[in-house]
Amino acid sequence: MRPFRQKGSGQLAVRILVPWVKGVIFRPRLGVLRLRRTQCHDEAKQVICTTLSESHFKIFLNIHPVFKVHKTEIWRTPVLCFILISEGTDSQKKEEGSQKRSPFDLIMNQIRRKKSFAERPQRSSVSRFFRPAENSEKRGKGIPETKESEEKPEDKENIGPETEDAGLADTEVCSVVGWGRVKQFIQKLGKKPDSRNLSLCNCGLTATDMVELATMLPFLTLLEDLDLSWNDLIGGALKALTFHLQHVNRLKTLKLSNCRLTAEDITALGQAFEYIPLLEELDLSWNSYIGGHLSCLTEGLQPECRVKTLRLVDCGVTADDAKSLGEALVLLPSLEVLDLSVNKHLASGLQDFAPALRHVSRLQVLRLHMCGLKQDSIQILGGALQHLPDLKMLDLSCNKEAGGGFKEGAAHIATLKGLQSLDLHICCLTDEDMLALTQVIPLLSDLKELDLSSNKKTGVTVQHLFSRLRFLPKLKSLLINNCNLTGDSYRTLVEAVSQLFELEVLSLSWNKCVGGNLKSLLDPLVQTSSLQVLKLSSCNLTVDDLVDLASVSKSGELAHLRQLDLTYNDTVEDAGWAHFFQETMGLKELTELDISLRPSTRRDASPWIDSLQGFLIRLPAISEFGLHRWVLTNQQRECLESFNNSHKRSVHFDYYHSTHRAGQGPLEQDS
């Protein structure tokens with residue numbers, strides 16, 4: 001719609017303006033009324049205000065703070081918007097300068113705009129509201145928007161305080177309009193808009209989306225967290241975004257895991273570090289193509305960088321990358337979390353990397369899971385641990401060739417007085433390793449989590465460690481899965497558990513010696529009322545074991561238990577399961593229960609299915625129930641599904657079911 005414009009100091013006739021305004025009000029499309037260089041007399045102003053106030057349309061204006069306006073909101077749908085601007089000639093401004101301006105004049109000065117809508121590129125009325133970034137791009141390239149920008153020198157001299165107010169109003173309006181664009185873009189992706197935290201994880205973003213997102217960064221100046229992880233189509237397009245990171249210099253967290261980033265991407269990211277000096281967390285995990293090019297990233301690090309968390313999981317880190325990273329650690333004095341897991345070639349560059357750890361004395365978490373560490377790697381790494389007095393978590397798990405290296409390297413772990421978590425599962429520990437660790441681990445008085453799972457060669461010697469667990473009063477999690485425990489080791493463990501009063505997680509899965517001896521473990525466990533997780537998968541449990549478990553539950557000693565894993569115990573007869581479901585009670589906080597069978601097994605659930613409903617009623621918090629490979633008829637399955645509706649519950653049942661015909665048990669599917 002073309003604006004009504006009259007240059008000079010002439011009067012605007014009411015008989016012409018008012019019908020025009022009324023016509024605009026009742027038009028369904030967006031109307032904009034601009035009165036540039038036109039003096040409206042008092043009668044015209046009064047008629048215009050009356051006409052607008054009598055309309056049924058809400059009017060969005062940028063009002064001066066001194067005026068109290070009824071509460072409105074920014075509508076998501078196009079609404080009628082009037083922008084009334086009144087300007088007089090130079091002589092008239094001088095005459096009115098000494099006079100007190102009316103409230104109407106103050107409003108007009110606050111909402112004036114610089115450019116005419118009519119002379120902008122032809123676009124729909126909606127796009128005028130939601131795409132201001134194009135103007136920003138034109139300004140950046142020096143492209144004028146309208147012919148009004150080519151003003152005469154004498155016009156520029158007439159710029160006064162009112163023009164500055166108009167510029168401020170322009171900025172505010174553009175900010176509001178820009179945030180509208182941001183909201184529309186984010187909501188289109190099914191996410192919730194937040195000016196400080198922008199999470200677009202797993203949204204299927206493309207290179208085009210990255211370009212559009214980049215144009216919105218000027219309207220996200222308060223942004224602190226940006227998560228673009230698991231968008232594997234944006235690889236190669238990161239430069240479009242990093243070029244505009246200067247607009248979000250408050251950014252503290254940047255996550256780009258599994259985005260298929262390329263060498264060009266991390267080069268651009270390295271060059272953008274100077275724009276985001278407050279960055280504290282950087283996650284580039286699962287980008288295997290950046291391996292061999294890590295120096296392109298580290299070269300951009302600024303002195304006294306504030307990064308506290310750096311994650312490079314499965315990034316194909318090479319020996320040269322390890323050297324570059326080691327050289328960069330001197331620029332990361334605030335580093336607290338370093339995760340280099342699943343970089344199988346890291347060990348080849350450990351000689352250059354490990355000594356540099358002395359520069360990050362504040363490090364609290366070091367994860368080297370599945371990094372191809374060997375026996376000599378443990379010795380090299382051990383020498384660096386003495387420079388990490390604040391280390392609380394050390395993960396060396398899944399380094400199968402490290403077995404035998406702890407015989408000499410375990411002594412260095414003793415220097416980590418504040419260590420709270422030690423993970424050595426699947427390290428192929430030998431008897432010599434375990435004996436060395438037996439001398440070291442009890443010295444870690446702050447230790448809360450210990451994982452020695454899947455070290456099958458230590459089934460005998462581990463009992464020496466169990467006998468000294470009493471020196472770890474803060475231990476909360478003990479994982480000893482699949483350690484081939486012997487009867488003596490198991491009995492030693494039972495004695496140790498009675499003195500672990502803060503134990504919350506105990507996992508003994510895949511240790512066959514537990515079967516038939518569960519009662520000896522349950523008796524001391526009832527003394528640790530804090531137990532929340534008990535895992536006994538594939539332990540060859542018997543009917544007596546389930547009877548004892550049900551009996552202990554009645555006493556209420558396991559009232560805080562939240563997760564119970566009884567999977568793969570095919571040795572339990574139907575009578576044992578029936579008794580367990582009939583007698584178990586007191587597990588008021590239990591949320592997860594799994595009794596699934598082995599993959600090669602199929603059994604009929606009919607002997608105990610009738611007692612299951614009463615069992616579920618006695619467990620008010622249960623939400624997950626695993627029944628894999630138990631065969632249910634259609635009628636039994638429907639009964640389970642109707643349980644939630646009948647009792648207003650939301651239990652998720654995982655099971656295999658059979659056809660509706662009695663006596664047959666062919667499996668259809670896993671639901």
Side-chain angles (χ1 to χ4, degrees), residues 338-344 346-351 353-355 357 363 365-389 391-469 471-472 475 477-486 489 492-493 496 507:
L338 179 59
D339 192 348
L340 300 175
S341 299
V342 200
N343 288 290
K344 299 181 180 180
L346 179 65
S348 57
L350 197 63
Q351 187 72 44
F353 169 75
L357 289 174
L363 197 67
V365 177
L366 179 59
R367 295 183 180 275
L368 299 175
H369 166 85
M370 198 182 295
C371 285
L373 302 184
K374 301 178 174 58
Q375 293 184 6
D376 60 335
S377 302
I378 302 301
Q379 185 68 21
I380 296 172
L381 184 62
L385 294 180
Q386 59 184 336
H387 300 293
L388 304 176
L391 196 66
K392 296 181 180 180
M393 178 180 292
L394 179 60
D395 184 358
L396 302 177
S397 61
C398 295
N399 289 288
K400 297 182 179 180
E401 298 183 31
F406 291 92
K407 180 180 179 180
E408 302 293 337
H412 298 288
I413 299 179
T415 62
L416 305 176
K417 299 298 183 180
L419 194 66
Q420 297 181 5
S421 177
L422 179 61
D423 191 347
L424 299 175
H425 81 270
I426 315 183
C427 283
C428 294
L429 300 179
T430 63
D431 288 338
E432 291 79 8
D433 291 329
M434 187 55 66
L435 291 174
L437 291 170
T438 299
Q439 303 300 319
V440 172
I441 292 179
L443 301 177
L444 307 174
S445 57
D446 289 338
L447 197 66
K448 296 181 179 180
E449 300 177 2
L450 178 60
D451 190 351
L452 300 174
S453 299
S454 299
N455 289 291
K456 299 181 180 180
K457 299 179 181 179
T458 61
V460 177
T461 54
V462 74
Q463 65 177 316
H464 300 295
L465 176 60
F466 291 160
S467 64
R468 306 190 66 182
L469 288 180
F471 297 111
L472 302 176
L475 195 64
S477 176
L478 181 59
L479 308 182
I480 319 174
N481 303 318
N482 196 23
C483 283
N484 197 22
L485 298 182
T486 63
S489 299
T492 305
L493 175 63
S507 182

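The two residues Leu416 and Leu444 have their closest heavy-atom pair at O-CD2, 3.3 Å. Nearest heavy-atom pair, Arg468 versus Pro442, reported as atom, atom and distance to 0.1 Å: CB-CG, 3.7 Å. Of all heavy-atom pairs spanning Ala496 and Phe466, the tightest one is CB-O, 3.3 Å. For the residue pair Ala347 and Ser377, the shortest heavy atom distance occurs at CB-OG, 4.0 Å. Pairing each heavy atom of Cys371 with each of Ser341, the nearest pair is SG-CA, 4.0 Å.
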For Leu394 and Leu388, what are the C-alpha separation, side-chain angles and deciding distance, and is it a side chain to side chain contact (heavy atoms under 4.5 Å, CB included)? CA-CA 11 Å; Leu394 179 60; Leu388 304 176; over 6 Å; no
Before giving the answer on side chain to side chain contact (heavy atoms under 4.5 Å, CB included), spell out for Leu366 and Leu391 the whole-Å C-alpha distance, their side-chain angles and the decisive distance to 0.1 Å. CA-CA 8 Å; Leu366 179 59; Leu391 196 66; 4.0 Å; yes
What verdict does the side chain to side chain contact (heavy atoms under 4.5 Å, CB included) test give for Leu357 and His387, after you've listed the backbone C-alpha separation in whole Å, the side-chain angles of each residue and the deciding distance to 0.1 Å? CA-CA 7 Å; Leu357 289 174; His387 300 293; 6.0 Å; no
What do the steps show when you test Asn482 against Lys456 for side chain to side chain contact (heavy atoms under 4.5 Å, CB included), and what is the final call? CA-CA 7 Å; Asn482 196 23; Lys456 299 181 180 180; 3.1 Å; yes
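Judged as a side chain to side chain donor-acceptor pair (under 3.5 Å), and not counting sequence neighbours, the contacts of Asp423 are His425. Residues that satisfy the side chain to side chain contact (heavy atoms under 4.5 Å, CB included) test with Ala414, not counting sequence neighbours, are Val440, Leu443. Residues forming a side chain to side chain contact (heavy atoms under 4.5 Å, CB included) with Ile380 (at least two apart in sequence, or on another chain): Leu350, Gln351, Ala354. The side chain to side chain donor-acceptor pair (under 3.5 Å) check on Thr461 picks up Asp431, with sequence neighbours excluded. Every salt bridge (charged side-chain N to carboxylate O under 4.0 Å, His left out) that Asp395 has, sequence neighbours left out, goes to Arg367. Taking Gln379 as the reference, nothing meets the side chain to side chain donor-acceptor pair (under 3.5 Å) condition, with sequence neighbours excluded. Here Asp446 pairs with Lys474 under the salt bridge (charged side-chain N to carboxylate O under 4.0 Å, His left out) rule; sequence neighbours left out. When the side chain to side chain contact (heavy atoms under 4.5 Å, CB included) test is applied to Lys400, the partners found at least two apart in sequence or on another chain are Ile426, Cys428. Residues that satisfy the side chain to side chain donor-acceptor pair (under 3.5 Å) test with Ser467, not counting sequence neighbours, are absent from this structure. Taking Ser421 as the reference, Met393, Glu449 meet the side chain to side chain contact (heavy atoms under 4.5 Å, CB included) condition, with sequence neighbours excluded.
Between Leu472 atom CG and Ser445 atom OG the span is 8.0 Å, to the nearest 0.5 Å. Rounding to the nearest 0.5 angstrom, the gap separating the CG atom in Leu452 from the OG atom in Ser397 is 11.5 Å. Between atom CG of residue Asp451 and atom OG of residue Ser477 there is a gap of 7.0 Å, rounded to the nearest 0.5 Å. With rounding to the nearest 0.5 angstrom, the CE atom of Met434 is 10.0 Å from the CZ atom of Phe406. Here Cys483 contributes atom SG and Lys457 contributes atom NZ; the two are 13.5 Å apart, rounded to the nearest 0.5 Å. Rounded to the nearest 0.5 angstrom, Leu422 CG and Ile413 CD1 are separated by 5.5 Å.
Using a 4.5 Å heavy-atom cutoff, the side chains of Val342 and His369 are in contact. Between Ile378 and Asn399 there is no side-chain heavy-atom pair separated by less than 4.5 Å. Between Asn455 and Val462, the closest side-chain pair of non-hydrogen atoms is not below 4.5 Å.
Counting only residues at least two apart or on different chains, no side chain to side chain donor-acceptor pair (under 3.5 Å) pair has a member in residues 403-416.
Formation of a donor-acceptor pair under 3.5 Å by the Gln439 side chain with backbone atoms of Ala436 is not found in this model. Listed for the Asp433 side chain is a donor-acceptor partner under 3.5 Å among the backbone atoms of Gly404.
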